[in-house]
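I have placed the structure first, in the form of structure tokens, so that the comments after it can refer back to it.
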Amino acid sequence: MTVCTYEARGDVAVIRMDSPPVNGLGLELRKGIAEGLAKAAADAAIKAVVLTGTEKAFSGGADIREFNSPKMLASPSLHEIIETLDAGTRPVVAAIAGVALGGGLELALGCHARVARGDAQIALPEVKLGLLPGGGGTQRLPRVVGVQTALDMVVSGAMVPAAKLAQTRLFDAVVDGDVVEAAVELARRMDKPQRVRDLSVELPDAAAFFAAAREKVKKAAGPLPAPMKCLECIEAAATLPFDEGMKVEQAGFMFLMNGPESRALRHAFFGERACMKIPDVPEDTPLRPIKSAAVIGAGTMGGGIAMNFANAGIPVHLLEVKQEALDKGLTIIRRNYENQVKKGKLTQDRLDQRMALIRPTLSYADLAQDDIVIEAVFEDMGVKQKVFEQLDAVMKPGAILASNTSTLDLNRIASFTKRPADVVGLHFFSPANVMRLLEVVRGEKTAKDVLATVMKLAKTIRKLPVVAGVCDGFIGNRMIGKYASEALRLLDEGVLPQQVDGALERWGMAMGPFRMNDLAGNDVSWLIRKRHYAEDPQRRREAVADQLCELGRYGQKTGKGWYRYEAGDRTAHPDSEVERIIVEQRKAAGITPRQISDEEIVERLVYALVNEGARILEEGIALRASDIDMIYLNGYGFPLHRGGPMLVADMAGLARVAQRMQDFARLPGADSAFWQPAPLLARLAAEGKTFN
Ligand code: NAI
């Protein structure tokens, strides 16, 4: 397939990049550009060159399909092409429509002039993958747009419309019409190449400017090193000769490329794309149309789920058993939207439109024509059974019947209907209108087109769908159960909730386990524990946690839980009553408390996740390790710069992780079975392999 065409328009050669979808600068395209430039250079009749792309893209930058492959570095590299442009004797003009991103913009900066359509989108987004533009972008951009604009663009990675940069030297012309035509005319008028590298950077008081910028960028960057490295490069552009600046850029790029943070960010980028692929469900599976939806239950979850549909413009019935419950649910939804209006995130018109899309009802008959229904009633199999039997009776053939259950057996729920192939789990996370994660639970009989349809629907309602098999807790909650029980063990051994939370939060978790429980409601996990105790009388009792619940310490909603809360304030205050209960429990169990380091706390909790994650992978409950990581990054406040629990283990080395588990198994009072490395983990560790 031709990815690059060459055409002589009189004395101007037009090289057109045409490699769908976005002219990613993969090896084939790079070869095409280099060949085009060579052909023009060899033709005495050619006086100048125009380099352009399609209407959709000049170039979207590096070809992501080449990431982590040797092709990315193969010759001609982007650097070599830009060097050819620098060394050339004929002017080369970039004609930009659509997007010019990352390496694409760097390529344009290597050209000798640029013409863009006003609506073209310009950015150096490398920072979003924890990197910096490594093709000269940090050195050339400040020379044409000025230091402040270049710094803003490189540090934020944000897209800027070309029209906004029309007054800068980045563009020789910004036009509404045919960019190629305008570029050919400009090329004809140019008598020699003007290299961006030869321009000087104007900045009167560089030292003061960068001192102030450093403060600001450092604060915003948090644990990520890339923004500060970007700043260093811009500073080099402003204070050093071009070639010296290029060396700073190269060193910074290599530093970031080899660092854990960029690895984590790239993992998240690819992991999100991988989630969409289900090996036995072909990508061209015909989808069922979803034009209207229904939600059963207008409680905490149902209300949020209905909002997702209304936000996407899909009409949604909201069904309750009693008018009172329906009114309550609708009032909360309206209040949520009103808060968004107050914050300026939504207009009153939009609020009215969205509320009009949510259609309250007490009657199942109203749902008969809906394409999908999501049940979010009490977590009780008897209640679910009644609901699914009624849905089976009224819903039209082909409608998708989904459950938001977080722990119950989806296969049993499906069996309450005569159409188990149409039943699927859609496990939203609280608050359902905010959290991006959606676990898509695949039942034994769930049809492939049902799966394909809900994956697409998830995108429409702006969720990240991750497929999970049926088991207690699916992927996320099954793992968090192990994490929570290990957190409770740490209390028995000698630490307090605030130490556990502090260690995890300093490591980067949005919230430690105890603060998280107080937010979600300790009664929720208590109910699950009671079910587990009933199912397995030998099961270890979580005495402290149970006692807190017996005292009505359900968390924020009751003003006290693992912490104490003042009315109207979510700040968690350590509470001496909790400490007393913990200390008494230790005494009763005959435990001598010991000091435990932050490092041990973090390792024990994260490795508890990892070990269960390994079992989940081996059982096929998760399709791939990165799916587990995406669940943790998007549903559990796991720090993005760490990439998810499975990547943390990979980066630590699985042999070391297995070794640490064995160390933990030998701690006084440890549950040695808990710390037995999962078979998959042990095998990969022995083979020197990784999960991802
Ligand atoms: P909730 O108690 O806030 O809401 C349940 C609602 O269902 C109530 O408004 C109730 O009136 C209504 N309802 C009960 N029986 C009904 C019936 N037969 N027909 C129609 N409506 C009925 O409960 P929540 O927290 O919203 O949980 C709902 C489901 O979502 C449960 O399966 C739960 O496990 C699951 N879930 C909950 C999460 C959470 O953080 N709360 C997170 C993810 C899933």
Side-chain angles (χ1 to χ4, degrees), residues 294-308 316-333 336 358-367 373-395 401-410 412-413 416 423-441 463 465-466 468 470 472-478 480-481 484 511 516-531 554-557 631 634-637:
V295 174
I296 315 293
T300 311
M301 295 305 288
I305 296 170
M307 286 174 76
N308 289 319
V316 54
H317 281 115
L318 185 58
L319 183 143
E320 265 286 350
V321 262
K322 291 202 186 94
Q323 186 64 42
E324 207 187 326
L326 202 48
D327 292 343
K328 188 173 158 206
L330 282 170
T331 306
I332 294 172
I333 292 175
N336 260 322
I358 300 177
R359 296 162 187 177
T361 178
L362 299 172
S363 161
Y364 276 88
D366 286 345
L367 317 186
V373 55
I374 301 173
E375 163 278 312
V377 301
F378 300 136
E379 187 74 337
D380 177 287
M381 198 54 109
V383 183
K384 306 263 188 213
Q385 175 165 4
K386 282 201 192 106
V387 169
F388 272 83
E389 284 168 356
Q390 294 185 76
L391 291 175
D392 195 22
V394 299
M395 301 301 292
L401 314 186
S403 172
N404 182 47
T405 180
S406 31
T407 50
L408 300 177
D409 179 351
L410 186 82
R412 258 197 86 197
I413 294 178
F416 301 142
V423 177
V424 67
L426 290 182
H427 184 214
F428 289 79
F429 286 70
S430 181
N433 55 316
V434 177
M435 297 295 288
R436 205 170 153 235
L437 177 62
L438 178 64
E439 274 184 325
V440 171
V441 185
K463 299 290 164 190
V466 183
V470 176
D472 192 348
F474 313 122
I475 299 173
N477 283 347
R478 176 169 154 189
I480 210 79
M511 223 181 253
M516 190 166 94
N517 263 322
D518 272 359
L519 178 68
N522 294 317
D523 50 326
V524 178
S525 36
W526 193 30
L527 261 179
I528 298 173
R529 276 201 306 280
K530 285 197 277 196
R531 177 164 62 81
Y554 291 171
Q556 287 189 16
K557 60 184 165 193
I631 285 181
N634 292 284
Y636 293 85

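In this text, all values refer to a predicted model and were calculated from it rather than measured experimentally. All values below were derived from every heavy atom in this structure, side-chain atoms included, with hydrogens, water molecules and symmetry-related copies excluded. In listed order, ligands and their atoms are each counted from 1.
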At under 4.0 Å between heavy atoms, is it the side chain or the backbone of [X] that contacts ligand 1, or both, or neither?
X: Phe429; answer: neither
X: Ile296; answer: side chain
X: Val383; answer: side chain
X: His427; answer: side chain
X: Val387; answer: side chain

Is the shortest side-chain N to carboxylate O distance from Asp366 to Arg359 below 4.0 Å?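 Looking at Arg359 together with Asp366, the answer is no, because their closest N to O distance does not fall below 4.0 Å.
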Compute the shortest N/O to N/O distance between [X] and ligand 1 and return yes if it is under 3.5 Å, no if not.
X: Thr300; result: yes
X: Met301; result: yes
X: Asn404; result: yes

At the 4.0 Å heavy-atom cut-off, does Lys384 count as touching ligand 1?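 Judged by the 4.0 Å heavy-atom criterion, Lys384 does count as contacting ligand 1.
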Nearest non-hydrogen partners of Asn634 and Met435, listed with the distance: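 Smallest interatomic distance, heavy atoms only, reads O-CE, 3.6 Å.
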Of all heavy-atom pairs between Ala432 and Lys463, which one has the smallest distance, and what is that distance?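 The pair with the smallest heavy-atom distance is O-NZ, 2.8 Å.
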Those atoms of ligand 1 less than 4.0 Å from some heavy atom in Gly297: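 Checking each atom against Gly297, I get 7 (O), 12 (C), 21 (N).
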As an exercise, identify every atom of ligand 1 less than 4.0 angstrom from a heavy atom of Ser430.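 Ligand 1 atoms under the 4.0 Å threshold to Ser430: 40 (O).
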Please tell me if atom 18 (N) of ligand 1 is touched by the protein, where touching means a protein heavy-atom distance below 4.0 Å.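 Under 4.0 Å from atom 18 (N) of ligand 1, at least one protein heavy atom found.
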Parallel, tilted or perpendicular, judged at 30° and 60°: which one describes the rings of Trp526 and Tyr554?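 The arrangement is tilted - the two ring planes meet at 30° to 60°.
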Neighbour count >12 (heavy atoms, 6.0 Å) for atom NZ, Lys386: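 No.
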Trace of the side-chain contact (heavy atoms from CB on, under 4.5 Å) decision for Phe474 with Ile631: CA-CA 11 Å; Phe474 313 122; Ile631 285 181; over 6 Å; no
Does Ile475 offer a backbone N or O that forms a donor-acceptor pair with the side chain of Glu439 under 3.5 Å?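 Checking the backbone N and O of Ile475 against the side chain of Glu439, a donor-acceptor pair under 3.5 Å is found.
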Check whether any side-chain N or O of Glu375 sits under 3.5 Å from a backbone N or O of Lys384 as a donor-acceptor pair, and report yes or no.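 Checked: no pair found.
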